[in-house]
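Taking it in order: structure first as structure tokens, then the write-up.
Labels below follow one simple rule: chain letters A, B, ... track the order of the sequence lines, proteins then strands, and each chain is numbered from 1.
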Amino acid sequence: MVTVTLPDGSSRQVAAGTTVLELARSIGAGLAKATLGARLDGAAEIVDLRRPLDADCSIEIVTANSEAGLEVIRHSASHVMADAICQLWPEARLSIGPATAEGFYYDIDLGHKISDDELGAIEQKMAEIIAADSPFERCAIDREASLQRFRAAGEIYKAELIEGFDPNDEISVYRHGNGAFEDLCRGPHVPSTGYIKAFKLLKVAGAYWRGDETRPMLQRIYGTAFNSKKELQEHLERIEEAKRRDHRKLGKELELFIFDETAPATPFFLPKGAFIYNALVDFMREKYRVYGYDEVITPQILDLELWKRSGHWDKYRDNMYFTHFDKADFGVKPMNCPTHCLIFRSKGRSYRDLPLRIADFGRLHRYERSGVTAGLTRVRSFCQDDGHIFCRDDQIGDEIARVIRLLREVYQTFGFPDVRVYFSTRPEMSVGTDEVWEKAEAGLQRALEDNGLDYTVNPGDGAFYGPKIDFVVLDALRREWQLGTVQLDFNMPARFELHYTNAQDGRSQPVMIHRAILGSLERFIGIAVEHFAGNFPLWLAPVQVRVLNISEAQLDHANRVVERLKAEGYRVETDFGNGRIGGKIREARNSRVPYIAVIGDREVEDGTLNLRRRGGEELGAKTVDEFCALLREEVSSRSML
RNA sequence: GCUGCUGUGGCUCAGGGGUAGAGCACGUCCUUGGUAAGGACGGGGUCGCGGGUUCAAAUCCCGCCAGCAGCUCCA
């Protein structure tokens, strides 16, 4: 007998060798039916429901309704898809096919290029396999024998996978369709193909074998699966909603920005987009006054010597633009930090001057490989809400805490309450000694812990001059976006030989904290467009009010109202054309103006505006004074209404 | 950069070896209409760029450029 402990703390005695499924059945028939596998002793991996329980353990039964259960379903769906593809194209060679956060994919090597139009045929084949409801069978196999077999079958990817496995681990394959389909796999899988209730194939794209761009490119077929048709439908609708909110589409429709072939990956901000850009800068400047930053303006193009000193020539050259004139070479700045070091060095500094916080909205240029740019979220020219803090060693903790406070305050304003934190350590391409890096990494880690932040470590993902903390927010569609960053740097100050006079009248080297809150304004605007679906809060909306007339009879009055609103500082647009009110309302709504004000004879009569909010909410008649008071309050509170 | 796909009026897209189409937008006129599209008429495109095949290329082929979905890389 073995003792199994259930999540509620109770325990049961079962005969050794009892399977997970049998245990579930002993608890209840309903549970047994829903069981897909189990988590033993809190392990990350899930075991098969046919796994015998040989020793005492704690067990958590995994059902389809849990995240882990969904993963099992998706993983099984990827096998079914692979089976379908192999049936359609028997020459296909399989590599890997895992479940992902949103669905699953399978990377296959196939001479025939699968087009999106062929996904339907694959889905149909999958539906047949699912309808057959054939059991998934697990089978442990011998390492050497299986290597031979996979090699003989030309399954070079599977063979390579086996070669990489720990020789002590058991190797297994899963079969379904009465052995017609077999795939190297650790499992677990659903009991039979019929458990896959709702799936959909989404797209096909290229992916390098093992993510290595020097290795062959395989075809990756993406799909998703859910526990029910309803959940699948909801997921597909989320995808549609994301498409509707795409900032590239809305940016064009709302006339925020354009792109042109003559400047790849570099936006042209139209008046409305430029307004938002400037409003964000103004917003940060307001915060800077409170948080003690001094703004500077620094050169765009600097002598190559500077970039050699900073380390950019060595470690960042591939991302930089260069130019040549007056018999000298120059680099276009990809970062502001070196110029800020020059400012620090421009006069003698005392420990009393520290921390020195410098902010810069300078334009940066970074060469990005052609395939990686996208809309505003990845561009070649951008502006960060950049800042560098020069401080003493003993001020690091306070300064980072301050940045985190500022960051939270800013994210709150935009309705990004959930922030995920990533801690990135020394990358391969880096400057400085091990000792300095250890100190910097320890410093940041302490700051994370002192500020009570839960974080995930990204080993080797730091900047070339120092480790960093990245702040990732979740938008209205629960998608992750990286915004802020805090980087601790002992290297740049050393390379620029920065120093200040300490209290003992000696020389000390300052520490440099690189930080950005919004990240790049370009990316932030792109994210904000999608987050708000173009419905910017009043303070950020390029146009706040659109005034419509019913007929020409109200023109004089309407013009006076518009002048009054403009005089009060509001951004007002008019539609005094000869269309009908229904059409004007429709256009105003599509333009996502926060307030629509209608003026007809009635409003002229009693000196009011007939108002409705962007969402459709009718506010009825209000005097211009009342309306201004309402606007004033909504703007000053930066309401998210 | 790699794989696949795409490029036709301002926008969304149809067409496809024989002198370019729709809807929306735009302009003019009619209409002065009370909360999601009133009507009529009209202007506007060397079909991304360059080469090739052909009697003839927007259409087929090649190259380049740009964009899209991913991969790899990043704010």
Side-chain angles (χ1 to χ4, degrees), chain A residues 105 107 109 113-117 202-222 243 246 248-249 252-253 255 258-265 316 318-319 334-336 364 366-386 424 427 429 458 461 463 468 470-472 481-485 487 514-524 526-527 548-555 576-591 596-603 610-612 616 618-620:
Chain A
Y105 64 81
D107 285 350
D109 184 358
K113 301 292 177 198
I114 296 177
S115 73
D116 288 348
D117 301 336
L202 299 171
K203 58 196 166 201
V204 45
Y208 299 109
W209 168 232
R210 305 212 130 171
D212 182 342
E213 63 182 318
T214 64
R215 310 207 58 186
M217 178 155 292
L218 309 173
Q219 297 185 65
R220 176 172 294 180
I221 301 99
Y222 283 92
K243 275 188 199 157
D246 190 317
R248 290 166 296 193
K249 182 169 167 280
K252 205 182 285 182
E253 277 174 28
E255 297 182 357
I258 56 164
F259 284 90
D260 187 86
E261 276 184 31
T262 56
Y316 208 74
D318 291 349
N319 284 291
M335 297 184 194
N336 293 308
L364 306 177
R366 296 185 189 173
Y367 171 75
E368 300 285 356
R369 296 156 97 199
S370 64
V372 309
T373 58
L376 289 182
T377 52
R378 188 83 180 271
V379 292
R380 289 180 175 154
S381 170
F382 59 101
C383 163
Q384 292 180 319
D385 57 332
D386 200 10
S424 298
M429 273 284 251
N458 275 158
D461 217 22
K468 61 176 184 171
D470 287 326
F471 296 86
V472 169
W481 297 101
Q482 191 195 322
L483 299 182
T485 183
Q487 307 166 352
H514 306 238
R515 38 105 291 161
I517 310 293
L518 302 177
S520 96
L521 296 181
E522 282 75 4
R523 172 179 286 181
F524 190 83
I527 294 165
L548 318 180
N549 63 337
I550 300 281
S551 74
E552 275 173 19
Q554 303 93 34
L555 262 184
F576 293 162
N578 67 357
R580 297 205 175 158
I581 195 66
K584 292 183 184 185
I585 292 277
R586 183 186 138 82
E587 276 169 28
R589 291 191 61 149
N590 287 341
S591 78
I596 301 171
V598 177
I599 298 178
D601 286 338
R602 289 203 293 270
E603 287 72 28
N610 196 286
L611 295 168
R612 65 146 77 189
E618 310 253 4
L619 300 180

With a non-hydrogen cut-off below 4.0 angstrom, is [X] in contact with a base, only sugar-phosphate, or nothing?
X	answer
Gly375(A)	sugar-phosphate
Gly583(A)	sugar-phosphate
Phe576(A)	nothing
Arg366(A)	base
Asp470(A)	nothing
Asp116(A)	nothing
Lys584(A)	nothing
Gln487(A)	nothing
Ala265(A)	sugar-phosphate
Val204(A)	nothing
Arg220(A)	sugar-phosphate
Lys468(A)	sugar-phosphate
Gly371(A)	base

For [X] and [N], give me the distance from atom [atom1] to atom [atom2], rounded to whole Å.
X	N	atom1	atom2	value
Arg215(A)	rU3(B)	CZ	C1'	17 Å
Asn458(A)	rC73(B)	CG	P	12 Å
Glu587(A)	rC26(B)	CD	C1'	12 Å

How far, in whole Å, is [M] from [N] if one measures between their [atom1] atoms?
N	M	atom1	value
rA66(B)	rC26(B)	C1'	27 Å
rC30(B)	rG67(B)	P	46 Å
rC73(B)	rG21(B)	C1'	43 Å
rG1(B)	rA25(B)	C1'	39 Å

Which nucleotide wins on minimum distance to the side chain of [X], given the candidates [options]?
X	options	result
Ser520(A)	rA75(B), rG1(B), rA69(B)	rA75(B)
Glu552(A)	rU3(B), rU32(B), rA36(B)	rU32(B)
Pro264(A)	rC71(B), rG67(B), rG34(B)	rG67(B)
Ser551(A)	rU32(B), rC11(B), rG70(B)	rU32(B)
Glu368(A)	rA75(B), rC30(B), rG4(B)	rA75(B)
Glu261(A)	rC71(B), rG7(B), rU35(B)	rG7(B)
Ile581(A)	rC68(B), rG34(B), rC71(B)	rG34(B)
Glu213(A)	rU72(B), rA36(B), rC2(B)	rU72(B)
Met217(A)	rA75(B), rC2(B), rU31(B)	rC2(B)
Asp601(A)	rG70(B), rG34(B), rU12(B)	rG34(B)

What distance separates [X] [atom1] from [Y] [atom2], expressed to the nearest 0.5 Å?
X	Y	atom1	atom2	value
Thr214(A)	Tyr208(A)	OG1	OH	9.5 Å
Tyr105(A)	Leu202(A)	OH	CG	14.5 Å
Glu603(A)	Ile550(A)	CD	CD1	7.0 Å

task = Would you check if Tyr222(A) stacks with the base of rG70(B), given a 5.5 Å centroid limit and a 30° plane limit, both strict?
result = no
Just N and O in the side chain of [X]: are any of them under 4.0 Å from OP1 or OP2 of [N]?
X	N	answer
Arg248(A)	rA69(B)	yes
Tyr367(A)	rG1(B)	yes
Arg580(A)	rU35(B)	no
Lys203(A)	rC5(B)	no

- prompt: Below 3.5 Å, does any donor atom in the side chain of Asn578(A) face an acceptor in the base of rU31(B), or the other way round?
  reply: yes
Item to complete: Test for a donor-acceptor pair under 3.5 Å between the base of rG34(B) and the side chain of Glu603(A), counting only N and O atoms.
Response: yes
Between Leu548(A) and the options Ile581(A), Asn610(A), Ile599(A), the side chain to side chain contact (heavy atoms under 4.5 Å, CB included) test singles out Ile581(A)
The answer to which of Ser381(A) and Asn610(A) contacts RNA chain B further toward the 5' end, by nearest nucleotide, is Asn610(A)
Judged by nearest nucleotide, the residue sitting upstream toward the 5' end of RNA chain B, Ala553(A) or Asn319(A), is Ala553(A)
Taking Watson-Crick and G-U wobble contacts under 3.5 angstrom, with | marking pairs to another strand and [ ] crossing pairs, the secondary structure of RNA chain B is written (((((((..((((....[..)))).(((((.......))))).....(((((..]....))))))))))))....
- Asp212(A) and Arg210(A) ion-paired at < 4.0 Å: no
